[in-house]
Protein chains: 2
Amino acid sequence: MGKAYNVMAATCPSRTVLHRIGARWTVFVVNALDDGPRRFSELKGHIRGITPKVLTETLRSLEADGLISRHEYDENPPRVEYALTPLGRSLLIPLRAVRLWAEEHVPDIEAARARQPILAP
Amino acid sequence: MGKAYNVMAATCPSRTVLHRIGARWTVFVVNALDDGPRRFSELKGHIRGITPKVLTETLRSLEADGLISRHEYDENPPRVEYALTPLGRSLLIPLRAVRLWAEEHVPDIEAARARQPILAP
DNA sequence: AGATACCGGTATCAAATCCATACCGTTGCA
DNA sequence: TGCAACGGTATGGATTTGATACCGGTATCT
C-alpha cells in the first residue's frame with residue numbers, strides 16, 4: 001500500500017510528529033537512552049549543557065508521545081528512571097544515524113563556516 | 001581510529017552541527033530538495049505553512065554550513081535555485097529515514113497522545 | 001540537635017527563535 | 001496605466017529556549 005502521510009502538508013499529523021522530533025533536545029535525549037534506562041540526573045550529567053527545565057519538558061513531551069517511559073521508585077532518596085519504549089527504540093535507529101552523521105561531518109561543516117565572509121559590525 | 005567527536009559534550013563542535021539539524025525546518029527543506037534543485041517559491045509552496053522569512057533564514061543557514069548551494073540566474077523575472085551539495089545529499093540519507101519514520105508512526109504517536117489525561121483548565 | 005547534601009524537579013525572568021502579515025523593487029505584459 | 005511574478009524584507013507579536021535560583025522530603029554527618 002502507498003504512503004498515507006506526507007510531512008510537507010501543513011495539516012498532516014506527521015508534521016507535528018516531525019516537529020516534535022526536530023525539537024532542540026529530542027535527538028540528544030533519545031540517543032542518551034541508547035544503552036539502557038537512566039535517571040534524571042544521569043541524563044542531566046550526560047547531556048552536557050541541558051538545563052533541568054528543558055530536560056523536564058523534553059522528557060514529558062517524549063513520554064506523552066509514547067517514546068519513553070517514566071518509572072518512579074518508592075525509595076529514599078527518590079529514584080526515577082526513564083527508558084525507551086519499543087516505539088522509542090524504533091526511532092533510535094534513524095536518530096542514531098543522524099547523530100553519527102553529525103559526529104562524522106564536523107570538519108566539512110566547520111570548513112564551510114570558515115569560508116563565510118565576516119560581516120561588518 | 002576511534003570516535004573523534006561526541007555530541008553529548010557541551011563544547012564539542014558536533015553539538016552545534018546537531019543543533020542546526022534540529023532547527024525546526026531543516027529536515028523539511030533538505031527533504032524538499034530530495035529530487036533536484038528548486039526555486040524559492042517552489043520550496044515555499046511545497047513546504048506548506050513555512051513563512052518566507054523562516055524559509056530565507058533556513059536556506060541561508062544551510063548555505064553557510066555548506067549543505068545547499070544557491071544559484072542566482074540573471075534573468076527576468078529573477079530566478080534563484082537551491083540545490084543540495086554533496087554534503088547535503090549525504091545528510092539527506094539519515095534525514096529521509098527520520099521523515100519516513102515520522103510518516104510511518106503517526107498512528108502510534110496519535111494513540112499515545114490520545115491516552116493522555118485531559119488537564120483541568 | 002542542627003547543619004548539610006541528594007534527588008527530581010519548579011519558579012522566575014531574560015533571550016533567542018518562530019510566526020503572521022504586509023510590503024518592496026525590478027521587470028514584463030495587457 | 002495598472003497589475004502580476006519573483007525573491008525576498010520589515011515589523012511586531014507569540015512561542016520556545018535558556019540561565020539561575022530555589023523547594024520539599026529524607027538521610028547522613030558532626
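Both backbone and side-chain heavy atoms feed into the values below; hydrogens, waters and symmetry mates do not. Numbered from 1 within each chain, the chains take letters A, B, ... in sequence-line order.
Under a cut-off of 6.0 angstrom, the local environment of CZ in A:Arg96 is crowded, with over 12 non-hydrogen atoms contributed by other residues, nucleotides or ligands.
Per the geometry, CG belonging to B:Asn76 stands 13 Å off C1' belonging to D:dA4, to the nearest Å. Atoms CD (B:Glu75) and P (D:dC6) sit 12 Å apart, rounded to a whole Å.
The listed nucleotides are D:dC6, D:dT9, D:dA27; the one nearest the side chain of B:Pro77 is D:dC6.
In this structure, B:Trp25 and A:His19 have side chains that are in contact, with non-hydrogen atoms separated by less than 4.5 Å. Between A:Val54 and A:Thr51 the shortest side-chain heavy-atom distance falls below 4.5 Å. With a 4.5 Å cut-off on side-chain heavy atoms, B:Arg115 and B:Glu110 do not count as touching. Between B:Arg20 and B:Ser61, the closest side-chain pair of non-hydrogen atoms falls below 4.5 Å.
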Less than 3.5 Å apart, which donor and acceptor atoms pair up between the side chains of residues 84-93 of chain A and the rest of the protein, not counting sequence neighbours?
unit_1	atom_1	unit_2	atom_2	d
A:Thr85	OG1	A:Gly66	O	2.7
A:Thr85	OG1	A:Leu67	O	3.1
A:Thr85	OG1	A:Leu87	N	3.4
A:Thr85	OG1	A:Gly88	N	3.1
A:Arg89	NH2	A:Leu84	O	3.1
A:Ser90	OG	A:Leu87	O	2.6
A:Ser90	OG	B:Trp101	NE1	3.0

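Near DNA chain D, defined here as any heavy-atom distance below 4.0 Å, the residues from residues 40-50 of chain B are B:Phe40, B:Ser41, listed numerically. In the region residues 6-31 of chain A, proximity to DNA chain C at under 4.0 angstrom, judged on heavy atoms, holds for none of the residues. Residues from residues 62-69 of chain A that place a heavy atom under 4.0 Å from any atom of DNA chain C: there are none.
Scanning for salt bridge (charged side-chain N to carboxylate O under 4.0 Å, His left out) contacts around B:Asp74 gives an empty result, with sequence neighbours left out. Applying the salt bridge (charged side-chain N to carboxylate O under 4.0 Å, His left out) test to B:Glu57 and every residue at least two apart in sequence or in another chain returns B:Lys53. Every residue two or more places apart in sequence or in another chain that forms a salt bridge (charged side-chain N to carboxylate O under 4.0 Å, His left out) with B:Glu81 is listed here: B:Arg79. By the salt bridge (charged side-chain N to carboxylate O under 4.0 Å, His left out) test, B:Arg113 pairs with A:Asp65, sequence neighbours left out.
Mapping heavy-atom proximity under 4.0 Å, the span of DNA chain C touched by chain A runs 5' to 3' from C:dC7 to C:dT12.
Between its opening and closing five pairs, the helix from C:dA1-D:dT30 to C:dA30-D:dT1 changes axis direction by 20°, a value rounded to 10 degrees.
Shortest non-hydrogen contact noted between A:Arg38 and A:Leu43 is CD-CD2, 3.7 Å. The two residues B:Arg15 and B:Val7 have their closest heavy-atom pair at NE-O, 2.9 Å.
Nearer the 5' end of DNA chain D, as judged by each residue's closest nucleotide, is the contact made by B:Arg39, out of B:Lys53 and B:Arg39.
Sorted by first and then second residue, the ring pair (Phe, Tyr, Trp, His ring centres under 6.0 Å) pairs involving residues 57-77 of chain B (not counting sequence neighbours) are B:His71-B:Tyr73. Pairs of residues two or more places apart, or lying in two chains, never qualify as ring pair (Phe, Tyr, Trp, His ring centres under 6.0 Å) while including a residue from residues 30-55 of chain A.
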Criterion side chain to side chain donor-acceptor pair (under 3.5 Å) on B:Tyr82 and B:Arg70, from CA distance to verdict: CA-CA 5 Å; B:Tyr82 294 93; B:Arg70 180 178 185 277; 3.2 Å; yes
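At the phosphate of D:dG7, neither OP1 nor OP2 sits under 4.0 Å from any side-chain N or O atom of B:Tyr73.
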